[in-house]
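In listed order, ligands and their atoms are each counted from 1. The analysis underlying the following values was restricted to heavy atoms, covering all of them including side chains, and did not include hydrogens, waters or symmetry mates.
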Amino acid sequence: MTLVMGVDSSTQSCKVVVTDAETNAIVREGRATHPNGTEVDPAAWWSALQDAIAAAGGTADLAAWAIGGQQHGMVVLDDAGRVIRPALLWNDTRSAAAAVDLIAEFGAEALAQRSGLVPVASFTITKLRWLRDSEPENAARVAAVALPHDWLTWRLRGFGPEGESPRGPVLDELVTDRSDASGTGYWNPASGGYDRELLAAALGHDAILPRVLGPAEWVLDDAGRRVGPGAGDNAGAALGLGAGPGDVVVSIGTSGTVFAVSDQRTIDPSGTVAGFADCTGRFLPLVATLNAARVLDAVAGLLAVDHAELGRLALAAEPGARGLRLVPYFEGERTPNLPDATASLTGMTLASTTRENLARAAVEGMLSGLAAGLSALRSLGVPLERALLIGGGAQSEAVRTIAPQVFGIPVEVPPPGEYVALGAARQAALVARA
Ligand SMILES: Nc1ncnc2c1ncn2[C@@H]1O[C@H](COP(=O)(O)OP(=O)(O)O)[C@@H](O)[C@H]1O
Ligand SMILES: O=C(CO)[C@@H](O)[C@H](O)COP(=O)(O)O
């Protein structure tokens, strides 16, 4: 049996699957948690990756591997391959003003054309501009910029600072794929190349960027194993699910994402729909919210119940929660672009203010943000026939039951699984067979 490994280094944890390259069946699994916070030392991801790989039985018998991961996080390296400062994650909103500045300088329409994106605080380009403005000494030291999956792939292939890695700090060996490159804000989905003018405008100077591997291209690790290009987590999930035309994937993890695989690139100068690429050579129009599974975590904590009981309470309430409405902008929001917003609870009467209605309002409020994402995709002509519900939040029975009512289209829930890691394992299987 040929064994391959796929990884999902996500916001909250690192998940590893080892699969049979012929059948994609899972043979072994492992996981490890990541620290909380929107600023994380990449060393914590490296340590979690090694723990998760060890829990999944190690790499000795693998033919190939690939890593998928949370998108957009800014990993900046100096010329000795050292991480200059903790990574700013996709859900860190401190670069909101930098996004406004970049739009003022280049124009939303031009940026949507050139990069597929209108900057918001989530995207790497705004984090680099924040670094230039807020930490100019750190910005001046940047020799290379990578994303979480790029950096972990580099480290696991044996590269890294002198004394910490067998192959040393060879920055030109950084690689990425088009799906993750498309979330930077300085990669052009039309040409498939980097837009170095935008990079320099953000960071203040040019820098080494990871080479973008094609969907079936590979590099080698220090043991001579083939390493697939990897992916941003949403593109990895689309591949792992085998999503096709008419499918819209709704992922309820730390982020809420709504996306579809498309043959055509989308350009949305309003910035609602990000014009990402997928990891097969197609495109991945996507809408993301900052407030998803953690809305349910927060309200379950407030009610001092576990997720099963929160779901039971929500399903015991009437649709609409008798007017109780939770607008769940606990972390600010990305879509709509309200980085400084806070959550609010409205419609409180003596009749509506019950534990059941609060649980229901949390589920409905979180799903409403995703339903707006479905509408935005539809308005760009993306066909939506059925939603595939994945991510930790899809394990909630209340979410599964209420989602079709809020979305207005059929909802299917694939068997629980780590679809991002499975997508990365499919990439590894492809390069193992090539
Ligand atoms: N049964 C459940 N009901 C609701 N939320 C859940 C349930 N199980 C897990 N979660 C939540 O799902 C989230 C983790 O989902 P995951 O997709 O792994 O996130 P990420 O990819 O962002 O790390 C956590 O916030 C967790 O509390
Ligand atoms: O910012 C985005 C997509 O644009 C997020 O989807 C991140 O990629 C993080 O994903 P999770 O860890 O929440 O799955």
Side-chain angles (χ1 to χ4, degrees), residues 7-15 31-36 38 40 45 48 52 68-74 88-93 116-117 120-124 126-127 147-149 179-180 182-185 231-238 240 249-259 271-277 284-301 305-314 330-331 334-335 359 362-363 366-367 370 373 389-403 413 416-421 423:
V7 176
D8 176 14
S9 176
S10 75
T11 312
Q12 295 192 45
S13 59
C14 183
K15 307 141 197 188
R31 63 191 298 141
T33 55
H34 286 160
N36 273 330
T38 62
V40 171
W45 303 330
Q70 56 173 312
Q71 297 190 250
H72 319 306
M74 178 191 75
L88 298 190
L89 306 196
W90 62 277
N91 53 357
D92 188 290
T93 54
L117 311 176
V120 290
S122 289
F123 300 138
T124 327
T126 70
K127 299 177 191 300
L147 299 171
H149 114 250
S179 71
D180 229 4
S182 72
T184 58
D233 55 1
N234 295 292
V249 183
V250 179
S251 170
I252 304 176
T254 315
S255 63
T257 53
V258 180
F259 54 94
T272 304
V273 178
F276 293 158
L284 197 82
L286 178 146
V287 179
T289 68
L290 290 184
N291 297 284
R294 280 182 169 157
V295 173
L296 307 184
D297 296 350
V299 175
V305 295
D306 62 13
H307 279 301
E309 178 62 7
L310 184 80
R312 198 198 61 72
L313 288 168
F330 291 96
E331 302 250 69
R334 164 166 158 190
T335 318
V363 175
M366 186 268 289
L367 290 172
L370 298 170
L389 205 59
I390 61 166
Q395 291 181 37
S396 155
E397 195 192 334
V399 168
R400 294 195 298 261
T401 306
I402 297 169
V413 186
E418 296 303 342
Y419 288 99
V420 180

Discussion item. A side-chain contact here means heavy atoms from C-beta on lying under 4.5 Å apart; do Leu370 and Ile252 qualify?
Written reply: yes
Practice prompt. For ligand 2, indicate whether the residue Asn234 contacts it via side chain, backbone, both or neither (heavy-atom separation under 4.0 Å).
Written response: side chain
Worksheet entry | Arg294 and Thr254, any side-chain heavy atoms less than 4.5 Å apart | yes
Practice prompt. Just jot down the ligand 1 atoms closer than 4.0 angstrom to any heavy atom of Gly393, in number order.
Written response: 5 (N), 12 (O)
Worksheet entry | Thr11 and Trp90: side chain donor to acceptor below 3.5 Å | yes
Worksheet item: Of all the atoms in ligand 1, which lie at a distance below 4.0 Å from a heavy atom belonging to Lys15?
Response: 16 (P), 18 (O), 21 (O), 23 (O)
Discussion item. Quick test: of every protein heavy atom, which one is nearest to atom 8 (N) of ligand 1, and how far off is it to 0.1 Å?
Written reply: Gly392 O, 3.6 Å
Item to complete: Give the residue, atom name and distance (to 0.1 Å) of the protein heavy atom nearest atom 5 (C) of ligand 2.
Response: Ser255 OG, 3.4 Å
Worksheet entry | Residue and atom name of the nearest protein heavy atom (relative to atom 22 (O) of ligand 1), distance in Å to one decimal | Thr254 OG1, 2.5 Å
Worksheet item: If we only count heavy atoms from C-beta on, is the Leu290 to Thr93 side-chain gap below 4.5 Å?
Response: yes
Worksheet item: Any idea which atoms of ligand 1 are less than 4.0 Å away from a heavy-atom of Gln12?
Response: 13 (C), 23 (O), 24 (C), 25 (O)
Item to complete: Using a 4.0 Å heavy-atom threshold (strictly under), name the region of Asp297 that reaches ligand 1: side chain, backbone, both or neither.
Response: side chain
Fill in: For ligand 2, the portion of Thr257 having any non-hydrogen atom under 4.0 Å away
side chain
Worksheet item: With a cut-off of 4.0 Å, which atoms of ligand 2 are near a heavy atom of Gln71?
Response: 3 (C), 4 (O), 7 (C), 8 (O)
Discussion item. Below 3.5 Å, N or O to N or O, backbone or side chain included: is there any such pair between Gln70 and ligand 2?
Written reply: no
Worksheet, complete the sentence: Correct closest heavy-atom pair for Thr184 and Leu147 would be CG2-CD1, 3.9 Å
Worksheet item: Which ligand 1 atoms are under 4.0 Å away from a heavy-atom of Gly391?
Response: 17 (O)
Discussion item. Taking Arg400 first and then Glu397, would you say they form a salt bridge - that is, a charged N and a carboxylate O separated by under 4.0 Å?
Written reply: no
Worksheet item: Can you tell if the side chain of Met366 reaches within under 4.5 Å of the side chain of Asn291, non-hydrogen atoms only?
Response: no
Discussion item. Show me which atoms of ligand 1 lie under 4.0 Å from any heavy atom of Ser10.
Written reply: 20 (P), 21 (O), 23 (O)
Item to complete: State the atoms of ligand 1, each with its element, that fall below the 4.0 Å cut-off from a heavy-atom position in Ala293.
Response: 11 (C), 12 (O), 13 (C), 25 (O)
Worksheet item: Do side-chain atoms of Thr126 reach the backbone of Ala121 as a donor and acceptor pair under 3.5 angstrom?
Response: yes
Fill in: Protein residue, atom and distance nearest to atom 4 (C) of ligand 1, heavy-atom basis
His307 ND1, 3.2 Å
Worksheet, complete the sentence: Of Phe123, Phe259, Trp90, Phe276, the one whose closest heavy atom lies nearest atom 9 (C) of ligand 2 is Trp90
Practice prompt. May I ask you to check whether His72 has an N/O atom sitting below 3.5 Å from an N/O atom of ligand 2?
Written response: yes
Worksheet item: Only one of His72, His149, Gln70 forms a side-chain hydrogen bond (donor to acceptor under 3.5 Å, both in side chains) with Asp180, so which one is it?
Response: His149
Practice prompt. Examine ligand 2 and decide if any of its atoms is less than 4.0 Å from a heavy atom belonging to Gln12.
Written response: no
Response to the item:
Under 4.0 Å from one or more heavy atoms of Thr254, ligand 2 contributes atoms 13 (O)
Worksheet item: For ligand 2, does Asp233 get within less than 4.0 Å through its side chain, its backbone, both, or neither, judged by non-hydrogen atoms?
Response: side chain
Discussion item. Give me the residue, atom name and distance of the protein heavy atom closest to atom 1 (O) of ligand 2.
Written reply: Arg334 NH1, 2.8 Å
Worksheet item: Within the structure, does Thr11 bring an N/O atom to less than 3.5 angstrom of an N/O atom in ligand 2?
Response: yes
Worksheet item: Is it true that a side-chain atom of Lys15 and a backbone atom of Ala52 form a donor plus acceptor pair closer than 3.5 Å?
Response: no
